[in-house]
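For reference, the structure discussed in these notes is given below.
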Amino acid sequence: MPELPEVETVVRYVRPKIVGKTIQKVVPQNNYDKVFATHTVRQFNKLLTGQVIKNVVRRGKFIVFNLDRGHLLIHLRMTGRLLLKLSEDDKPKHLTAIIYFKDKSFLYFKDYRKFGRLYYYDSLDYINNKLGIEPLSKSFTGDWLFKNLQNYKRQLKPLLLDQSFIAGLGNIYVDEALWSAKLHPQQIGLSVSRKKADILHSAIQRLLQTAIDNQGTTIINFYFGKGKSGNFRDQLKIFGRQDKDCPRCGTKIEKIRVAQRGTHICPHCQRI
DNA sequence: GGGATTGTTTAAAC
DNA sequence: CGTTTAAACAATCC
């Protein structure tokens with residue numbers, strides 16, 4: 001379940017290995033042509049062939065390959081993985097695409113649930129218009145969060161998951177951030193005080209940065225490189241810890257549903 | 001075989 | 001009518 005820290009980890013892993021390479025072709029695997037979200041297979045290749053990867057960056061949960069002209073974007077969704085080499089347990093039937101480089105090397109897109117997608121855009125305007133603020137950018141401040149929370153009477157959980165509000169948060173880090181700030185996921189945005197907004201802002205930035213420093217969180221399926229998993233899982237306070245004790249007050253952690261999503265809360269620390 | 005899992009898009013409800 | 005919520009969708013595993 002790659003969220004911002006996991007995507008950033010992947011970007012940092014592949015960047016030094018593929019920057020400078022020239023794309024020869026991009027081939028869907030197992031007849032899964034819809035892995036290309038924006039174009040047909042033919043169109044996609046026409047646009048990409050011969051282009052050099054100038055840099056690899058992250059925007060929200062998108063992996064962005066900056067090319068000579070235009071951008072190749074990859075979204076891992078739930079189970080997508082980028083591999084430079086295949087190992088024994090990488091079954092061919094789980095591959096959805098292979099990028100061939102001019103130097104005879106490859107980049108494999110493995111995705112056993114096949115929700116992940118590749119996109120091509122001439123400009124990043126399209127996704128920049130759809131995505132909200134980058135939570136690790138300088139412009140994301142406590143002041144920004146307080147002001148913008150006031151525009152919504154939505155519940156905090158679905159609001160924080162909304163990529164057009166803040167780009168990059170997913171189920172894990174939203175639950176962790178709300179627990180850290182002692183905010184209930186069903187509290188509505190405009191009722192959050194200035195002080196609480198500051199605390200939530202700090203929690204989000206601290207969690208994301210610490211998770212990146214620990215190469216992300218592996219719950220089930222996040223791996224990068226040669227089977228390496230994220231180490232942040234050990235530092236999760238509440239996600240996946242239902243029926244265990246709250247690390248802060250000892251109350252039993254509950255798993256509830258908020259906006260159709262599994263949500264972990266401490267009923268003592270987090271109240272509306 | 002039903003339910004859980006994800007983020008995004010689309011449809012419905014408020 | 002704009003905002004918010006729910007459902008649909010992709011596919012797989014247990």
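Residue numbers begin at 1 in each chain, while the letters A, B, ... track the order of the sequences.
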Item to check | Counterpart residues, salt bridge (charged side-chain N to carboxylate O under 4.0 Å, His left out), relative to A:E134 (two or more places apart) | outcome: A:R58, A:R59
Item to check | salt bridge (Lys or Arg N to Asp or Glu O under 4.0 Å) contacts in which one or both residues fall within residues 30-44 of chain A, not counting sequence neighbours | outcome: none
Only pairs under 3.5 Å count here: list side-chain donor-acceptor contacts from residues 44-51 of chain A, not counting sequence neighbours, and write none if there are none.
{"residue": "A:N45", "atom": "OD1", "partner": "A:V26", "partner atom": "N", "Å": "2.7"}
{"residue": "A:N45", "atom": "ND2", "partner": "A:V26", "partner atom": "O", "Å": "2.8"}
{"residue": "A:N45", "atom": "ND2", "partner": "A:V41", "partner atom": "O", "Å": "3.0"}
{"residue": "A:T49", "atom": "OG1", "partner": "A:Q24", "partner atom": "O", "Å": "3.1"}
{"residue": "A:T49", "atom": "OG1", "partner": "A:N45", "partner atom": "O", "Å": "2.7"}
{"residue": "A:Q51", "atom": "OE1", "partner": "A:D68", "partner atom": "N", "Å": "3.3"}
{"residue": "A:Q51", "atom": "OE1", "partner": "A:R69", "partner atom": "N", "Å": "2.9"}
{"residue": "A:Q51", "atom": "NE2", "partner": "A:L47", "partner atom": "O", "Å": "3.0"}
{"residue": "A:Q51", "atom": "NE2", "partner": "A:R69", "partner atom": "O", "Å": "2.9"}
{"residue": "A:Q51", "atom": "NE2", "partner": "A:Y120", "partner atom": "OH", "Å": "3.3"}

Exercise answer: donor-acceptor pairs, residues 145-156 of chain A side-chain atoms, under 3.5 Å, sequence neighbours excluded:
{"residue": "A:K147", "atom": "NZ", "partner": "A:D143", "partner atom": "OD2", "Å": "3.3"}
{"residue": "A:N148", "atom": "ND2", "partner": "A:W144", "partner atom": "O", "Å": "2.8"}
{"residue": "A:R154", "atom": "NH1", "partner": "A:D162", "partner atom": "OD2", "Å": "2.8"}

Checklist entry - Over how many whole Å does the gap from A:I172 atom CD1 to B:dT5 atom C1' extend? => result 12 Å
Item to check | Stem list, DNA chain C (Watson-Crick or G-U pairing under 3.5 Å, at least 3 consecutive pairs) | outcome: B:2-5 with C:11-14, B:7-14 with C:2-9
Output one line per pair: protein atom, nucleotide atom from nucleotides 11-13 of chain C, and distance, for all N/O pairs under 3.5 Å.
{"residue": "C:dA11", "atom": "OP1", "partner": "A:Y32", "partner atom": "OH", "Å": "3.1"}
{"residue": "C:dA11", "atom": "O4'", "partner": "A:R113", "partner atom": "O", "Å": "3.0"}

Checklist outcome for this item: From CD of A:Q155 across to P of C:dT4 the rounded distance in Å is 11 Å
Item to check | Distance-minimising heavy-atom pair for A:P28 and A:F36 | outcome: CG-CE1, 3.7 Å
Next on the checklist: Using the P atom as the point on both nucleotides, what is the distance between C:dC1 and B:dT9, in whole Å?
Outcome noted: 25 Å
Next on the checklist: Suppose we screen for ring-ring contact (aromatic ring centres under 6.0 Å, His included). Which residues come up paired with A:H75, at least two apart in sequence or across chains?
Outcome noted: A:F62
Item to check | Partner set under side-chain contact (heavy atoms from CB on, under 4.5 Å) for A:K102, not counting sequence neighbours | outcome: A:T22
Item to check | Spacing of A:Y152 atom OH relative to C:dT4 atom C1', expressed in whole Å | outcome: 11 Å
Any N/O pairs under 3.5 Å between the protein and nucleotides 7-12 of chain B? List them or say none.
{"residue": "B:dG7", "atom": "OP1", "partner": "A:K61", "partner atom": "NZ", "Å": "2.9"}
{"residue": "B:dG7", "atom": "OP2", "partner": "A:R261", "partner atom": "NH1", "Å": "3.2"}
{"residue": "B:dG7", "atom": "OP2", "partner": "A:R261", "partner atom": "NH2", "Å": "2.5"}
{"residue": "B:dT8", "atom": "OP1", "partner": "A:H75", "partner atom": "NE2", "Å": "3.3"}
{"residue": "B:dT9", "atom": "OP1", "partner": "A:K130", "partner atom": "NZ", "Å": "2.4"}
{"residue": "B:dT9", "atom": "OP2", "partner": "A:K130", "partner atom": "NZ", "Å": "3.2"}

Next on the checklist: Run the ring-ring contact (aromatic ring centres under 6.0 Å, His included) test against A:Y32 and tell me which residues pass, sequence neighbours left out.
Outcome noted: none
Item to check | Interatomic distance where CD belongs to A:Q260 and C1' belongs to B:dA13 [whole Å] | outcome: 13 Å
Next on the checklist: What I'd like to find out is whether the side chain of A:R241 reaches to under 4.5 Å of the side chain of A:H264, using heavy atoms alone.
Outcome noted: no
Checklist entry - Who are the ring-ring contact (aromatic ring centres under 6.0 Å, His included) partners of A:H184, not counting sequence neighbours? => result none
Item to check | Test side-chain contact (heavy atoms from CB on, under 4.5 Å) applied to A:K195 - qualifying residues, sequence neighbours left out | outcome: A:S193, A:I199
Checklist outcome for this item: Whole-Å distance, A:F36 CZ to C:dA10 P, equals 19 Å
